[in-house]
Amino acid sequence: MLQDSCFRTRASGLVLRDVALQDMELDTLNLHFKKITALLSAVLGASSLYAALVQAQSATPVPDNGTLDVEQLFAGTCGFCHSAGGRAAGKGPQLMNSPRDDDYLHSRIKNGKSGAMPAFGGAFTDAQIDQIVKYIRALKPREG
């Protein structure tokens with residue numbers, strides 16, 4: 001009986017109960033690993049879908065008729081990553097009081113940054129991007 005309570009039999013012979021517990025722990029870890037892998041796959045799939053949606057959005061040009069509501073455009077296109085209309089950091093940096101020069105901002109909007117920001121050169125003309133940069137430069141803290 002003592003042998004039965006302290007040991008269990010395996011194909012390779014007698015194995016200590018602690019080793020059996022380790023096998024159970026490995027089974028539990030393996031189960032957790034599978035769950036984490038599934039979750040990671042879901043997150044990566046969702047991020048790929050988001051990237052495709054942003055790419056599709058950036059491929060839809062804004063009409064070049066001279067009337068561009070930059071504040072509304074910024075809120076709908078840029079506001080997802082640049083919080084409070086660019087006044088606060090979100091997924092992207094705060095743009096109000098940016099130390100970057102206008103050429104840098106124009107280039108980043110037009111060409112994007114791999115893995116961080118989509119390119120909007122296909123959606124906006126250079127003149128429209130200049131209006132967006134002008135909007136960014138005019139940002140002031142909101143009152144109240």
Side-chain angles (χ1 to χ4, degrees), residues 5-144:
S5 65
C6 294
F7 300 97
R8 73 180 184 125
T9 338
R10 293 190 60 173
S12 61
L14 295 176
V15 179
L16 285 172
R17 184 181 276 175
D18 288 344
V19 174
L21 290 176
Q22 289 175 1
D23 286 346
M24 289 174 51
E25 290 169 356
L26 288 176
D27 289 343
T28 302
L29 288 174
N30 192 27
L31 178 64
H32 288 300
F33 179 74
K34 287 179 182 178
K35 288 179 181 180
I36 290 170
T37 303
L39 181 62
L40 184 56
S41 293
V43 169
L44 290 175
S47 98
S48 295
L49 176 62
Y50 171 73
L53 290 172
V54 168
Q55 190 65 23
Q57 180 183 17
S58 69
T60 308
V62 173
D64 193 15
N65 59 8
T67 58
L68 181 67
D69 183 347
V70 181
E71 186 172 4
Q72 183 179 359
L73 172 116
F74 192 95
T77 305
C78 313
F80 182 76
C81 294
H82 303 283
S83 298
R87 293 171 181 86
K91 292 178 187 281
Q94 172 183 317
L95 296 174
M96 181 178 66
N97 300 323
S98 174
R100 305 291 190 170
D101 64 24
D102 290 359
D103 290 337
Y104 178 91
L105 294 174
H106 184 103
S107 176
R108 181 54 58 91
I109 294 166
K110 184 173 185 169
N111 303 313
K113 179 181 179 185
S114 180
M117 179 176 163
F120 291 96
F124 306 121
T125 65
D126 283 336
Q128 291 167 332
I129 294 173
D130 287 339
Q131 289 179 351
I132 295 168
V133 171
K134 185 176 178 182
Y135 167 82
I136 291 168
R137 290 294 178 216
L139 288 172
K140 301 289 182 235
R142 289 192 174 137
E143 306 244 347

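- The shortest side-chain heavy-atom distance between Ile132 and Phe120 does not fall under the 4.5 Å cut-off.
- For Gly90 against Ser83, the heavy-atom pair with the smallest separation is CA-OG, 3.5 Å.
- Not a single donor-acceptor pair under 3.5 Å links the side chain of His82 to the backbone N or O of Ala88.
- With rounding to the nearest 0.5 angstrom, the CG atom of Asn97 is 7.0 Å from the NZ atom of Lys140.
- Checked against side chain to side chain contact (heavy atoms under 4.5 Å, CB included), Arg100 has the following partners two or more places apart in sequence or in another chain: Ser98, Tyr104, Leu105.
- With rounding to the nearest 0.5 angstrom, the CG atom of Leu73 is 11.0 Å from the CD atom of Glu71.
- Distance check, rounded to the nearest 0.5 Å: NE2 of His106 to CG of Asn111 gives 8.0 Å.
- Taking both residues in full, the closest heavy atoms of Gln94 and Met96 are given as NE2-O, 3.0 Å, listed atom of the first, atom of the second, then distance.
- Taking 4.5 Å as the limit, some side-chain heavy atom of Met117 sits within range of a side-chain heavy atom of Ile109.
- The closest donor-acceptor contact from the side chain of Ser107 to the backbone of Asp103 lies at 3.5 Å or more, if one exists at all.
- Atom CG in Leu95 sits 5.0 Å away from atom CZ in Phe74 (nearest 0.5 Å).
- Note that CD1 of Ile136 is 11.5 Å distant from CZ of Arg87, once rounded to the nearest 0.5 Å.
- Annotation: salt bridge (charged side-chain N to carboxylate O under 4.0 Å, His left out) contacts involving residues 109-127, sequence neighbours excluded, comprise Lys110-Asp126.
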